[in-house]
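Below you'll find the structure, written out as structure tokens, and then a few comments.
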Amino acid sequence: APAAPGDGAASPSAGGTLVYATGDAEPTCLDPHVGGNYPQALLSSQYLEPLFGRDADGTMRPWLATDWETSEDGLTWDITLRDDVSFTDGTPFDAEAVKANIEHLQDPDTASSTGYLAVEQIEQIEVVDDTHVRFRLSTPKSALLEALSQPWTAMESPAGLARGQEENCLAPIGTGPFVVQEWTPQQSVTLTRNEDYVASNPHADHDGPAHLDGIEWRFIPDAATRQAALASGEVDVIDNPLPADIVAAQQQGIEHIDAPRPASSNRIELNTAQPPFDDVRVREAFIRAADPTPGIESLFLGTAERSYSPLSSVEPLAYSDEELFATDPDAAAALLDEAGWTDAADDGTRMKDGARLTVRFPVSTDQSTAAEQSLFEQIQANAAAVGFDVVLDPVDLSTWYGALGAHEYEAVSAPYTIVGPDVLRILYHSSGTVPAPSGYFANHAMLQVPELDAALDAAASTLDPDERAERYTEAQRIVLESFAILPLYDQQNHFLVGGATGVTTLGTVATPTFVNARLAD
Amino acid sequence: MRSRLGWSGAAALACLALLGVAIIAPSVLAPQDPLAIDPASAFRPPSPGHPLGTDESGRDVLVRIVHGAAASAGIGVWATALGIGLGVAIGFAAGLGPRWLEAALGRVVEVLFALPTLVMALLLVAVLGPGTQSSVLAIGLATAPGYARILRSRVRGVARSDYVAYARLEGTPPLRAFTRHIAPNTLWPLVATATLGIGQAIVWVSALSFLGLGTPPPSPEWGAMLDAGRVYISYAPWLTIFPGLAIVATATALTVVGRRLGGAGR
Amino acid sequence: MAALRWIAARLARAALVVWIVATVVFFALRATGDPLEAILGGPGSQAGPEAVAAAERAYGLDQPLVVQYAVQLARVATLQLGDSYARRQSVAELIGQQLPSTLLLAVLALGLAWVLAVAGAIVATSARGRAGRVVGAALRGVEVTATVMPQFWLGAVLILVFASTLGALPATSAGSSPAELVLPVVTLAIPIAGFLAQVSRDALLEADRAPFATTARARGAGEPRVLLRHTLPHAALPAIALSGWAFGNLLSGAVVVEVLFARPGLGRLLQEAALARDVPVVIGAVSIVALLYVAVVVLSDAAELLVDPRLRGPRPGAVRMPDVAVGS
Amino acid sequence: MSVLDVADLRVRLRGAGEVLKGVDLALDAGECLAVVGESGAGKSVLARTLLGLIQTTPGAAVTASRLAFAGRDVRRLGGRGWRRLRGADIALVLQDALQSLDPLRTIEDEVGEALAVRRVPRPERRRRVIAALESAGLPDAAGRLRQRPGELSGGMRQRALIASAIVGGARVIVADEPTTALDATTAVRVLDLLARLRDEGAALLLISHDLGAVARVADRVAVLDAGRIVEAGAAETVLAAPTHAVTRALLAARPRGPRPAPSAPAGPVLLRGEGLVRRYRGPSGAPTAAVDGVDVVVRRGETLGVVGESGSGKSTLARLLIGAEAPDAGRRVLAAPAPRVRLVPQDPLASFDPRHDVARILRHSHRDGAPAPAQLLARVGLDASILARRPAELSGGQRQRVAIARALAGRPDVLVCDEPVSALDVTTQAGILRLLDGLQRDEGLGIVFISHDLAVVRLVSDRVAVMQDGRIVETGATEDVYASPAHPFTRELIAASR
Ligand SMILES: Nc1ncnc2c1ncn2[C@@H]1O[C@H](COP(=O)(O)OP(=O)(O)OP(=O)(O)O)[C@@H](O)[C@H]1O
Ligand SMILES: Nc1ncnc2c1ncn2[C@@H]1O[C@H](COP(=O)(O)OP(=O)(O)OP(=O)(O)O)[C@@H](O)[C@H]1O
Ligand SMILES: [Mg+2]
Ligand SMILES: [Mg+2]
């Protein structure tokens, strides 16, 4: 049944083109193997499908695969595939296709980042027969199914891949309910219905192709403009709505979908590798002074809930500890005194040995919403009250990465989306402090804690669900108690639906799917 | 005085006087702290307690506008000063220098002209990163060719004028002719142009802030306020309307005064 | 013959300008940013060393900077422009896709600005008596205010009123249907209209007071004829002379308007490319902007010569600009 | 019956009060009535009132006990009625002749406008335009149709303007100062043209402040002073035996006759030009000589008059003499010790720094031994109170005097005066001429006096040089040249100055 009932007057009908307006950046390549960011995931979920899916409760489901089996040592994985699916160019989906896709992800010329990390450990791919493929891993990887459920590792037609990157970027060929028809840069991507769609999708409520004739996927970067377009009926669905518009939507009969992204929560990471946050007392002082809760309530108008966990609330293994983050400016001041930050500059900033208690905080204007930037301003003001000088620097994405790469930050907020708690390993394992050749490293807190590494390694390699849960909980506790992060809320992922019914989101990275959608008249 | 100014001139002067106070001593007009947050009283519409309402962090909009005058006008003034400085250097050199120098500077001016202000700003931001300095530099560079061209043609006009010719005929040495006639007659009229330019520069700076290339928050710079508030335009329109009005009013007042100055100089 | 020489000289100067622009842009961007970031799927990419080396080879970044510069220059000269780092598409093709949209916007906005400016100037000069003075003063106020109106603010307010509240017009503009062009064109046109109106009103008033207007009246010409045949052409002259400036202003405005109304176009392309350090796209787009600007200036110079015979024959300087036009 | 009949015409203008205070006029076909008077008397207002142009001016009030055109009362006429009248029945040649043709339109469009307004079809319009241009005496009329006013000389423009007034077949032509913008020879040709039109049956109302010009064409003269006609009658009577003081003043101010008293014999040579040549790039790009092999001598205590048409090279010669430009050939020889040369420029306003007041201007030009600024001003008949004024705040006559004072502040031996009076009205002109004459006698200056007006030159100079096309075609003692001109061009000039 459709997920949300339309209001009484609108009766759903078949056909028509749904207009979707996204506020995320326009992808530079429609193939999510290349690079691999959330905007690509949003769009490619409409035409590419992964081997596995995931339910809202975190249970893994087969999608293009039907079954899987793991060896005792966790190094060999046997995957059974569907035999009734073809790519939209007519190429059959089979074990050879899976092999070609994994190899494509691992090929340096593809320049894949997210997908590459997901399949990094697959050492050997063996085509057993058309419907059976065997992976041999270099190290055990408990998160392999989650890794293969991500949009960034979705399956593409080998014939399509063979066309070369330039062509494949413009119109990747998959098995999804829609097909890329045309891409008009800076304007829209036109998607048409895949008439031969086989409803492998675990979320599909019917067999056969989607109801819609197609989707026009428009890029409208400005949030106010996007909302105005929804209000005037130009578009049917928007993402990244403003909190105020979400609140107003309820009165206007506009459907609101709140689908937080999985994996990591949104948090501020404190750079533990350099002063002043190399001192845990200073970190704790900052966290006790920041007091983000009132701001979250007023800025997000009740659309976001305060988090006390490194993981998203949709992750079943999320562990939170509210006590650790109780606001207490007096305690913060005492901690700073204790840490030796006792002198005061003219502007009230604390000093120690002639150095100011400065916190450089580069903010990516592409990744942080306006409300989030305002929240940082409030944290800045609250921290200033106990003597921190927080220097907010809103910058474009490349400058922001530049600042991170050069370690010119004491605090930073960086989103990270994959599927499952394995994200903890990426974000907090000491190996994450070593930059990739491009200069990027994921462990912005620069945590290098042996017990934490041990817990994360164990969790990654065990196949026992209970032990995995225990080890991830331990890891999260260590992270929280180190005061290296200040959790804020789930990664916000809201949709407003004005002219359609049956829009749902996938349980993997919460991208919307329109396989069940119909336009309201 | 009033009769010569007209009511629009008087209103413009009053506006600028208010702006002057806000720049020099903002606390006289609004003693509160423009950065003090109060999430509990966020998004208050205009009321006697907050005549222009409060913003998303509960800061008073009026207080912020008053305290932001210095930043906004400051950027406008600096950008204009840079533009005029460059323009004057180029203009004098081109207007008085040898032919080859004039030709070379003519190309420089043409190149600068061929890059519209925001295009230039985007380039500079790509090179220097966003921020106040980039804004000032971008606006300064973008306006410089305008000043240079005005000045060059004026310098040429004055240098070839009958009164300079007459002075030279009487045996006045070149340098004295420059300080006595050329410089005053070319630079004074530029004051009016500069007044107009400051108003324009403030508007440009605010446009840069809109593109996310301006002054970092939480500075109450008007363009930044306007940009931050625009997100809430349907929910809290006062966050957009009032800083916008401050920009438009300042630029209008400067334009009116500038035109009067220009008119009087001619 | 003289005309040919004039055109050749202008073209040579235009080429020089574009060359300098391309050079400045190339070194400015290369001096400060690493284009590899853009090539390898944007910043924050976790590409391995093999990928980096492959990309360097593919885009010739392993060559010395001078060689890269020469290659880039050769591309600009032949309008090949190379491939975008970020978009994996030919720059010429990208610009070709975006340019028509921006040109349509610019041309319509310039047209509307002219119409508004001339209408305002006519009303201001033909209103007589006490009411005329009030109307004139009001118009002057409107003109000055329009001139300094920040476009993004104006556009936002227009969207709020006409799209969100009234639902009368679309808030976004992707193509060329009249309804979706209204708001962006109006947003873009108003400040320019204000400026042009100020300039042409002065010229119209001056022409209206000139002896030739009185003479025309003395020949029995009615006011419409005096306006149409005599004074308006004079009022149009400064506006033609200002076309180059207005065009620059339109391109600046296009950056803002295209972002605001989610309209594809050169301005948005440039904004995104500059932020992503996509060197070939930035050089291509900026060179095209410079080329267009120079072309418009040449055209407006030619138009001026056509309309105003007094300018034919030797004359100093190129575009004459009123003092208010600093920065476009 | 008179074509034009006006009685008790009163015009009140906002800001100027009553400008016409009861004017009575009557004009017959084939007759020329001249209205003369000082600047500001109301002549132009009268002209525009007769065409109904003042009536639409905001704040204007026009009353008359009679305002009839060919017997038809036009006092109550609306805008449409006047428009039908204008161009077809009554035509105006405006005072500012050189600006009265729209520079952006072709001669054909401008001259034919009165016909176009009446929807005369294009072929016929062209025929009549050519006819009008020809009868206005414009050579090669058909070829001029596509030209624009900027391509015509001043005299040609004035003729085209007159053609545009007669093309509609107007029975009454009002010509407001049709010759002020022209040099004397051209002016005479234009006046002759008007006389011919009158002879062909047009009623001509000629407005002028120049009684000399009037004498050539007018049958009757009316003298307007401060909005009233103070004297009227047959031209010969009024000009020969003026009864009213205003008329007499006008006549007296006319430059006429020889230099009242010749100066002392000339002293040594101060400055000499030998074979001076100066070439400029002409409109076609080819170099043309503005001054072409000129020999001149300037002596102490002598005034050399230089006359010639506009464009004959007088100002260029002046620039060569003062050393502002170097000659392309020939040389400028100075006596020893080098005499000081100062210029009184053609356009004094442009030669003053607009930001400086008179005191500063005189101070900058002051050289040792010259009198103090206030004394200098007294010398040129100005009050010291103007020391604080800027050039823009002075009248034309005052400016000219300040320019002379500034030249004197440099203690010159030679004074080169380039058209020092051509922009002034006759009364002011007479004052300046007296001043120069006095200075020359008292100081023993060598003066070069440049003018296109031979009558003026005759009044002040001892010797005269006549220039045409960059050459001196005749030179000699003023009265000799005047009495027996050898060159035909000189004869033409002299005829024009009578
Ligand atoms: N449109 C007008 N509005 C107000 N006053 C005017 C207007 N036109 C002329 N006057 C005034 O009317 C008076 C007569 O002016 P008019 O132009 O008729 O003089 P004129 O005799 O033609 O002088 P001139 O010989 O200098 O041309 C002057 O005082 C002038 O200032
Ligand atoms: N600087 C110059 N450049 C080019 N041509 C010039 C220049 N100065 C004068 N001429 C030309 O030289 C000729 C003589 O000019 P000049 O000014 O000496 O004449 P003029 O006798 O003083 O005339 P007017 O009575 O109009 O003042 C004209 O054809 C003029 O166009
Ligand atoms: Mg007059
Ligand atoms: Mg001359």
Side-chain angles (χ1 to χ4, degrees), chain B residues 8 80 83 87 107-108 110-111 113-119 122-129 139 142-147 149-150 153 156 189 192-193 196-197 199-204 206-207 210-211 223 226-227 230 233-234 237 240-241 244 247-248 250-252 254-256 258-259 262, chain C residues 13 16-18 20-21 24-25 28-29 31-33 137 140-141 144-145 147-153 156-157 159-160 164-165 244 247-253 255-256 259-260 267 270-271 274-275 277 282 285-286 289-291 293-294 297 316-321 323-328:
Chain B
S8 59
T80 308
R107 292 305 83 75
V108 171
E110 241 163 46
V111 167
F113 259 127
L115 296 174
T117 308
L118 282 188
V119 173
L122 284 174
L123 258 179
L124 274 173
V125 166
V127 173
L128 304 176
I139 310 292
T143 48
Y147 293 115
R149 187 169 274 185
I150 292 169
S153 66
R156 281 226 207 118
T193 316
L196 300 173
Q200 291 288 330
I202 291 176
V203 175
W204 282 123
S206 71
F210 163 73
L211 293 174
L226 211 163
D227 180 42
R230 215 180 53 79
I233 187 163
S234 55
T240 314
I241 304 288
I247 293 175
V248 171
T250 305
T252 307
L254 283 166
T255 306
V256 168
R259 294 211 124 202
Chain C
R13 265 168 59 184
L16 190 65
V17 166
V18 173
I20 299 177
V21 166
V24 169
V25 173
L29 285 179
T32 51
R140 219 171 306 244
V144 171
T145 314
T147 309
V148 299
M149 189 76 75
Q151 269 153 335
F152 60 94
W153 186 63
V157 172
I159 290 180
L160 177 66
S164 304
T165 310
F247 185 75
N249 200 308
L250 282 169
L251 286 181
S252 275
V255 177
V256 168
V259 171
L260 192 61
L270 186 60
Q271 191 217 8
L275 292 182
R277 294 214 159 71
V282 175
V286 170
V289 166
L291 202 67
Y293 173 84
V294 174
V297 169
V319 200
R320 283 161 300 125
M321 270 215 267
D323 294 358
V324 264
V326 285
S328 53

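In what follows, every chain begins at residue 1, and chains take the letters A, B, ... in the order their sequences are listed.
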Minimum heavy-atom separation for C:Val289 and B:Pro116, please, with both atom names.
CG1-CD, 3.5 Å
Could you look at C:Val256 and say if it's the side chain, the backbone, both or neither that has a heavy atom under 4.5 Å from chain B?
both
Contact leader toward chain B among C:Val255, C:Leu160, C:Val157, where contacts are heavy-atom pairs under 4.5 Å:
C:Leu160
Heavy-atom pairs under 4.5 Å with chain B: which of C:Leu260, C:Val18, C:Ile159 has the most?
C:Leu260
What residues, two or more places apart in sequence or in another chain, satisfy side chain to side chain contact (heavy atoms under 4.5 Å, CB included) together with B:Thr252?
B:Val248, B:Val256, C:Val144, C:Thr145, C:Val148
For C:Thr147, is it the side chain, the backbone, both, or neither that has a heavy atom closer than 4.5 Å to a heavy atom of chain B?
both
Heavy-atom cut-off 4.5 Å, strictly under: side chain, backbone, both or neither for C:Leu270 against chain B?
both
If one checks every heavy atom of B:Ser153 against chain C at 4.5 Å, the contacting part turns out to be neither
From B:Leu226 atom CG to C:Phe152 atom CZ, the distance as rounded to the nearest 0.5 Å:
5.0 Å
Could you tell me which of B:Gly199, B:Ser206, B:Pro145, B:Gly87 has the largest number of non-hydrogen atom pairs under 4.5 Å with chain C?
B:Ser206
Determine the option with the most heavy-atom pairs under 4.5 angstrom with chain C, choosing from B:Leu123, B:Ile139, B:Ile247.
B:Leu123
For C:Val294, check side chain to side chain contact (heavy atoms under 4.5 Å, CB included) against everything at least two apart and list the hits.
C:Ala14, C:Val17, C:Val298
